[in-house]
Amino acid sequence: MKTFFKSTLNTAKVFGEQLSAKIIPTTTPVNQPSEPSQYPHIFEPLDLGFTTLKNRIVMGSMHTGLEDRFYHYGKLAAYFEARAKGGVGLIVTGGISPNREGWLTPLGGTLNRSADVLHHRRVTRAVQKHGAKILLQILHSGRYGYHPFVVAPSAIKSPISPFKPRQMSVRNIHATIADFVHTAELAKKAGYDGVEIMGSEGYLINQFLSARTNKRTDDYGGSLENRAKFALQIVQNIREKVGEQFIISFRLSMLELVEDGAVMSEVIALAKLLENAGVTLLNTGIGWHEARVPTIVTGVPRASFVRYTEAVKSAVAIPVIAANRINMPDTAEWILASGQADLVQMARPFLADSDWVNKAKSNQANLINTCIGCNQACLDHIFENQRASCLVNPLACHESEYAIKPTKKPKKIAVIGAGVAGLSAAITAAARGHQVSIYEARPFIGGQFNFAKVIPGKEEFFETIRYFREQLSLYQVTVHTGVQVTKQMLDSMAFDDIIVATGVVPRALAIEGVGLPSVMSYAELLSGERVAGERVAVLGAGGIGFDVAEFLAHGGAVSDKVNSPDFRPTAQTSEAFFEQWGIDTDALYTTKGALAKPKPAKAHRQIYLIQRSEGRLGKTLNKTTGWVHKATLKQMGVKQISGASYDKITDEGLWVTVNGQPQLLRVDTVVLCIGQESVNHLMPNVGDAPSAQYHIIGGAKKSERLDAKRAIKEGFEVGLLV
């Protein structure tokens, strides 16, 4: 019998009586609404005069990596079509450069030639047949480009690109305006309903608008009116060429979060100028890419920046779109119902769930696979020149390659371990028609996600566990919790396939004193089983080590109700977030860039974060979120030590050697975050002849550099395989 190997477990009681009733579905299938929507403002059409948007939800622009090669446009069309079919009203593509100088990376996606039109028509036709509208975003990177042809209003190097830009001549400016217009004309020929002009986040147009990066002394520099000429001439010339019945959206920075950035009176003045120039919609941009204030990561409270959108909306007559950290229908409905915006834009939430809109319309928000803002498979992939996807939805951007087809031969399948790998496998196999039972040693599902969800700023992880719980119910997966599975049990049961997803356990440390009461694993701490003292050494500075240090700095308490299905944690408020990072809370802010003096909270205890390897801590953290974790620990005074050997633990504390010098850290608690080990003892041994086909996934397969992205993807793939 062929054995498949792929991952995750936990331990607990004995099989005994199978104390777990089959979960009965409590929801109806998607797209079968039985009563009016709970979100009436979301589903109110928007009349733009010459065309109507069927609802108020916009799928915002996000680069996927499929835009840059035309042989990927079939995959890009399938990706957008899934979201259009899922009910979204308006879609904005990833950024397409108007010319070579505007590329984000060499040989970026284009719509510069008539031949390009044929490829783009595949996208527009796929979207429009489902009643959605689609805009082509035109984005010139300016000094943010990663290539030697970069240009900018002034020759000021960006901190996020190695290339210093060439200052644009007036002739170059006029040619670039013409290139924007040419791309817009081709977009109309390709069937797009309009274009979005990217004027925010620190790209070229924003560089012209800002005194921070525009030091010119000619007609395109100096006063705000002069700095705005480039943007206004682009809009005016596009409007003249495409006519009145064509959407022009302009993405405007509502607050820039950089030194010498704009104040709100300037933003409002620009909004009025753009309205007069012929813009149909104003979209919200928040922060520059070089800003050192987080704007989209998990820890940013939901809809924190909508107050600034509302300030602009009150000053113009054209529709204004709210954006940033909006991921669930109740938040979107509140924004619209309270009159803070006319439309709501989301990008990553549509990676997480292509049917977001239809689920909201049918009052099934509980079935939405919520974006947790982790960036691990979307933005981090793009920065590594990989195709984007989604940690909680591996199907994203692979719609034409993965097919969740009904099985022709239903099987009886056991999944051992209800961490995210096992959960992903179970619901995928069940969705295909297999009879699935899942076994979990603990009294609750979620695995390692139960540790992550208690970290301050990671409250969204509760949503993923909720989603899996609802999916188990929807697809009638039989759930056994509090059950420790043995090989004897598996041998005695007639399963066709057994998926071993038994996970990992924390790695032990072999030094003197490790058995003292002051020593605990991260699992014991984050589960609430143990409580740390006032002076703590955290050994290991990987992702878990940083999470543990942040958990301890913010208080280090776990509610005894944390694993209840109805429990929801109290996340940081917007006001507290603004205070921590130094953001002006006044919607009509007068401080440049809306920056204020940061006032981070003080740590609740003295914390040492220690690693054995030399060099700076946090090198393995993800690119787009790691800097936030490092900055937070620095704000809270966590002491960081690298190049340390762990010598022994005594009643006095932790003995380490750093730079050849032994020293004592007088701590009362030591938390071990030094890695994990796979739990895979349920896999057949060499020479065994099991009656079932075995598969191993997630941490059980490989504990090194384990992350939820790999675990969920492996579960999804094995669910398609069985």
Side-chain angles (χ1 to χ4, degrees), residues 257 291-301 372-376 380 451-461 520-523 525-526 531-558 569 571-573 576-583 597-644 646 653-654 656 658 665-675 707:
L257 300 176
R292 303 312 290 172
V293 176
T295 58
I296 60 172
V297 300
T298 306
V300 178
I372 61 175
C374 67
N375 293 348
Q376 290 182 35
D380 285 338
F451 302 142
K453 72 186 182 185
V454 303
I455 306 302
K458 290 191 174 181
E459 292 83 9
E460 295 287 12
F461 284 51
M520 65 185 71
S521 70
Y522 70 85
L525 175 71
L526 298 178
V531 178
E534 296 302 311
R535 302 183 306 279
V536 186
V538 179
L539 306 191
I544 294 177
F546 269 82
D547 276 353
V548 165
E550 193 159 347
F551 172 78
L552 292 167
H554 282 89
V558 178
Q572 186 181 32
T573 66
F577 174 81
F578 288 168
E579 187 172 82
Q580 175 188 352
W581 292 98
I583 304 171
K597 184 178 180 181
K599 297 178 181 178
K602 294 182 179 180
H604 282 238
R605 44 174 59 83
Q606 181 181 352
I607 303 166
Y608 298 91
L609 181 59
I610 310 168
Q611 70 179 20
R612 283 172 165 158
S613 59
E614 300 282 353
R616 297 178 64 182
L617 278 64
K619 290 187 290 186
T620 62
L621 299 180
N622 295 314
K623 186 177 182 67
T624 60
T625 56
W627 71 269
V628 180
H629 298 300
K630 288 184 277 190
T632 299
L633 295 191
K634 183 177 180 180
Q635 286 175 346
M636 303 191 80
V638 173
K639 297 182 179 179
Q640 302 183 20
I641 301 173
S642 63
Y646 312 143
L654 172 68
V656 297
V658 181
L665 302 180
R666 295 188 179 276
V667 296
D668 51 32
T669 306
V670 177
V671 183
L672 305 181
C673 307
I674 56 174
D707 60 32

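- Remark: the backbone N or O of Leu552 is paired with a side-chain donor or acceptor of Arg605 at under 3.5 angstrom.
- The backbone N or O of Glu534 sits less than 3.5 Å from a side-chain atom of Asp668, completing a donor-acceptor pair.
- Between Leu525 and Val671, the closest side-chain pair of non-hydrogen atoms falls below 4.5 Å.
- With rounding to the nearest 0.5 Å, the separation of OG1 in Thr625 from CG in Asn375 is 6.0 Å.
- When every heavy atom of Thr298 is checked against every heavy atom of Lys458, the shortest pair comes out as CG2-CA, 3.8 Å.
- Using a 4.5 Å heavy-atom cutoff, the side chains of Trp581 and Gln635 are in contact.
- One distance of note links CD of Gln376 with CG of Asp707; it measures 5.5 Å at 0.5 Å rounding.
- Between Val670 and Leu654 the shortest heavy-atom distance is CG2-CB, 4.4 Å.
- Judged by distance alone, the side chain of Glu459 and the main-chain N or O of Gly457 form a donor-acceptor pair under 3.5 Å.
- Here the side chains of Val558 and Val531 are not in contact, with every heavy-atom distance at 4.5 Å or above.
- The two residues Ile610 and Ala537 have their closest heavy-atom pair at CD1-CB, 4.1 Å.
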What pairs of donor and acceptor atoms, side-chain ones from residues 538-546 against any protein atom, are under 3.5 angstrom apart with sequence neighbours left out?
none

Thr669 and Met520: CA distance, side-chain angles, deciding distance, side chain to side chain contact (heavy atoms under 4.5 Å, CB included) verdict: CA-CA 8 Å; Thr669 306; Met520 65 185 71; 3.7 Å; yes

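- The two atoms that bring Leu609 and Leu617 nearest to each other are O-CD2, 3.4 Å, heavy atoms only.
- At distances below 3.5 Å, not a single donor-acceptor pair connects side-chain atoms of Asn622 with backbone N or O atoms of Asp380.
- Of all the heavy atoms in Ile641 and Leu665, the pair that sits closest is CD1-CD1, 4.1 Å.
- Side-chain atoms of Gln640 and Gln611 include no donor-acceptor pair closer than 3.5 Å.
- Here Lys639 contributes atom NZ and Leu633 contributes atom CG; the two are 14.5 Å apart, rounded to the nearest 0.5 Å.
- Between the side chain of Arg535 and the backbone N or O of Ile607, no donor-acceptor pair lies under 3.5 Å.
- The shortest distance between side-chain heavy atoms of Thr632 and His554 falls below 4.5 Å.
- Two residues are said to be in side-chain contact when any heavy atoms from C-beta on lie closer than 4.5 Å; Gln572 and Gln580 meet this criterion.
- Pairing each heavy atom of Thr295 with each of Leu257, the nearest pair is CG2-CD1, 3.6 Å.
- Using a 4.5 Å cut-off on side-chain heavy atoms (C-beta onward), Phe551 and Val454 make contact.
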CA sep, side-chain torsions, deciding dist, call: Phe461, Ile455, side chain to side chain contact (heavy atoms under 4.5 Å, CB included): CA-CA 9 Å; Phe461 284 51; Ile455 306 302; over 6 Å; no

